[in-house]
Amino acid sequence: MTVLNFEEILRSREEASVRLSQPTLKNGDGDGTSGGMDSRVTKLETQMEFVRDDLREIKGDLKTIIGRLGELPTKRDLTANTLTIVVIGLAVLAITIGGIVGGLAWIDRSGAPPPTAVASQ
């Protein structure tokens, strides 16, 4: 725990009030006062108009992008489509194999000659 010295507090407040009372326009293009300030403010206002125009354009583009995002498929949609394709593929494979096996079962073996035993000596 720090004990504050009241003299230090008063000194820092006095320094702060002195800093606030001094003019702060000593930097920039002016002469240290408000001279030349009108032209700089006008320039800033003009630039802000361009910034506003650009911001309006960005907002419009953002609305377009958000609208298009609603039309894109979600992860759930893509997973469902993949599962559907796999199930259809398996069904086609099962039907094909079933058709082959069923077709082979329909072949009539009664007209074929019976197998003969070959005797070996």
**OP:** Flag yes if L93 and I85 sit in one hydrophobic cluster, no otherwise; membership is Ile, Leu, Val, Met, Phe, Trp, Tyr, and two members link when side-chain heavy atoms are under 4.5 Å apart.
**Re:** no
**OP:** Rounded to the nearest 0.5 Å, what's the gap from CG on L83 to CD1 on I88? Could you check?
**Re:** 11.0 Å
Original post:
Are L55 and M48 connected in the hydrophobic side-chain network, where two residues link if heavy atoms are under 4.5 Å apart?
Top reply: no
**OP:** Check whether any side-chain heavy atom of E45 lies under 4.5 Å from a side-chain heavy atom of V41, and answer yes or no.
**Re:** yes
Original post:
Which residues pass the side-chain hydrogen bond (donor to acceptor under 3.5 Å, both in side chains) test with T46, sequence neighbours left out?
Top reply: none
Subject >> Stepwise side-chain hydrogen bond (donor to acceptor under 3.5 Å, both in side chains) test for T84 and N81 >> reply: CA-CA 5 Å; T84 302; N81 291 345; 5.3 Å; no
**OP:** Determine which pairs satisfy salt bridge (Lys or Arg N to Asp or Glu O under 4.0 Å) with at least one residue from residues 51-70, sequence neighbours left out, and list them in order.
**Re:** E49-R52, D53-R56
Subject >> Residues that I100 engages under side chain to side chain contact (heavy atoms under 4.5 Å, CB included), provided they are two or more places apart >> reply: T96, L104
Original post:
How far does CG of L69 sit from OG1 of T64, to the nearest 0.5 angstrom?
Top reply: 11.0 Å
